[in-house]
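Protein chains get the first letters and strands the later ones, always in sequence-line order, with residue 1 at the start of each. All values below come from the heavy atoms of this structure, side chains included, with hydrogens, waters and symmetry mates left out.
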4 protein chains.
Amino acid sequence: MKHDAAYRRLKTVEGHIRGIERMLEEDAYCIDVLRQIQAVQAALHKISALVLDEHLHTCVISAIRSEDVQERERVLNEILDIFEAFQKL
Amino acid sequence: MKHDAAYRRLKTVEGHIRGIERMLEEDAYCIDVLRQIQAVQAALHKISALVLDEHLHTCVISAIRSEDVQERERVLNEILDIFEAFQKL
Amino acid sequence: MKHDAAYRRLKTVEGHIRGIERMLEEDAYCIDVLRQIQAVQAALHKISALVLDEHLHTCVISAIRSEDVQERERVLNEILDIFEAFQKL
Amino acid sequence: MKHDAAYRRLKTVEGHIRGIERMLEEDAYCIDVLRQIQAVQAALHKISALVLDEHLHTCVISAIRSEDVQERERVLNEILDIFEAFQKL
């Protein structure tokens, strides 16, 4: 599996989310719940960065070094879309 | 449970995360993985808004309507902290 | 002027933006431009927090301590809207 | 100037910021001020996307197509840094 580090971190996030579910079941203090959700979101940002890193070092390098100008354009536009979408989060 | 809607949405997020784990196991295209992570983060934003809504309508109203100025200040500062922390995500 | 600190910081942001305009005029390195834009955005987050702080300590306290349930609801919903809108930035 | 579109948009942002300064001088309603700040931040996101677009289509393509592996690595790491920094905003 190429995304090994991302996978392990995502497993941790899954456990974290189950922890937040228990907090909600036990009517935990809202602010504590919000802080745990923020911690999950920070972890997901980190996972996104790992996946993007992998992507830049594989697909993006291949596409840009190929002579296929259309494929190159497609790959660069995908990165811009992802960048804009993350800004809107 | 007071956070009923938040709880149900969080259960959905948990399933969504397991789906992303499977994508990583199957070496899915990086950009598709990033888009799924963005969808999870949008869902978490919505859950945070639900929890904050509940918080404003219960603890914040009680604290502000009480005569305990210190408690009122504590509750307002918590909201500002949460607001600043979410901006940094 | 009630927003004194916010006003002074915004004046600084205005100067910062003129600095970025000059960078663009001089064809500065893109990454340096992006970092300056990020610095401006961090400054704007801080200004938003100052304005929200002022708002919570004046309008929100008055509305919640009044007996006008509709006004109270309006003020809380405005905060939720602002919170959701900032998450989408 | 290579960043023509970004420059024009930044000039608009500068005018928008002066408008918000006037709102603060006139003690405008806090929530209206916050909404205008959000509009400025959305405009800055768009400008960042334009600058990144330019960067990907010039420096990044050159660096990746060159045989200088170190320069290639430097350019990819810069993009990752920018991506992580924007997530933290």
Side-chain angles (χ1 to χ4, degrees), chain C residues 1-18 20-45 47-60 74-75 77-79 81-83 85-86 88-89, chain D residues 1-18 20-45 47-60 74-75 77-79 81-83 85-86 88-89:
Chain C
M1 179 170 34
K2 64 185 174 183
H3 299 300
D4 213 48
Y7 181 82
R8 269 176 291 119
R9 281 169 186 261
L10 202 56
K11 277 282 181 197
T12 306
V13 164
E14 192 196 326
H16 202 155
I17 293 217
R18 273 197 298 270
I20 302 174
E21 288 166 9
R22 273 191 301 278
M23 290 176 79
L24 293 174
E25 285 173 323
E26 294 160 5
D27 285 339
Y29 185 51
C30 302
I31 296 289
D32 294 337
V33 174
L34 289 171
R35 286 194 183 122
Q36 292 308 313
I37 295 175
Q38 290 177 339
V40 164
Q41 288 188 310
L44 289 172
H45 285 323
I47 293 169
S48 295
L50 288 170
V51 174
L52 181 63
D53 190 346
E54 175 73 23
H55 183 60
L56 290 173
H57 283 88
T58 53
C59 307
V60 175
R74 194 187 63 75
V75 158
N77 284 334
E78 270 180 351
I79 291 176
D81 284 351
I82 286 293
F83 180 78
F86 268 109
K88 278 191 198 105
L89 279 180
Chain D
M1 179 169 34
K2 63 185 176 184
H3 298 300
D4 214 49
Y7 182 83
R8 269 177 291 121
R9 281 171 187 261
L10 202 55
K11 277 282 182 196
T12 307
V13 163
E14 192 195 325
H16 203 154
I17 291 208
R18 273 197 297 270
I20 302 174
E21 288 166 10
R22 273 191 301 278
M23 289 176 80
L24 293 174
E25 285 173 324
E26 293 161 6
D27 285 340
Y29 185 51
C30 302
I31 295 290
D32 294 337
V33 174
L34 289 171
R35 286 193 183 122
Q36 293 308 313
I37 294 176
Q38 290 177 339
V40 163
Q41 288 187 310
L44 289 172
H45 285 322
I47 293 169
S48 296
L50 288 170
V51 174
L52 182 63
D53 191 347
E54 175 73 22
H55 183 60
L56 291 173
H57 283 88
T58 53
C59 308
V60 175
R74 194 188 62 75
V75 158
N77 285 334
E78 271 180 352
I79 292 177
D81 284 352
I82 286 293
F83 181 77
F86 269 109
K88 278 191 197 105
L89 280 179

Practice task
Look at D/Val40, D/Leu34, D/Asp4 and state which one has the largest set of heavy-atom pairs under 4.5 Å with chain C.
Solution key: D/Leu34
Exercise for the section: State which residues pass side chain to side chain contact (heavy atoms under 4.5 Å, CB included) with D/Arg9; sequence neighbours excluded, sorted by chain then number. Expected result: D/Lys46, D/Ile47, D/Leu50
Problem - Derivation of the side chain to side chain contact (heavy atoms under 4.5 Å, CB included) call for D/Arg35 and C/Ile82 - result: CA-CA 7 Å; D/Arg35 286 193 183 122; C/Ile82 286 293; 4.0 Å; yes
Exercise for the section: Return the option, out of C/Glu21, C/His3, C/His55, C/Lys2, with the maximum number of heavy-atom pairs under 4.5 Å with chain D. Expected result: C/Glu21
Fill in the blank from the handout: Given D/Ile31, D/Val51, D/Ile20, the one with more heavy-atom pairs under 4.5 angstrom with chain C than any other is D/Ile31
Handout entry: C/Gln38 vs D/Leu44 side-chain heavy atoms within contact, under 4.5 Å
Key = no
Handout entry: Interatomic distance, C/His57 atom NE2 to D/Cys30 atom SG [nearest 0.5 angstrom]
Key = 12.0 Å
Practice task
Please confirm whether the backbone N or O of D/Ile17 pairs with a side-chain atom of C/Glu14, one donor and one acceptor, at under 3.5 Å?
Solution key: no
Fill in the blank from the handout: When rounded to the nearest 0.5 Å, the distance separating CG of C/Leu10 from CZ of D/Arg22 is 11.0 Å
Fill in the blank from the handout: Tightest non-hydrogen contact, residues D/Ser48 and C/Ile37, listed as OG-CG2, 3.3 Å
Exercise for the section: Not counting sequence neighbours, which residues clear ring pair (Phe, Tyr, Trp, His ring centres under 6.0 Å) with D/Tyr7? List them please. Expected result: none
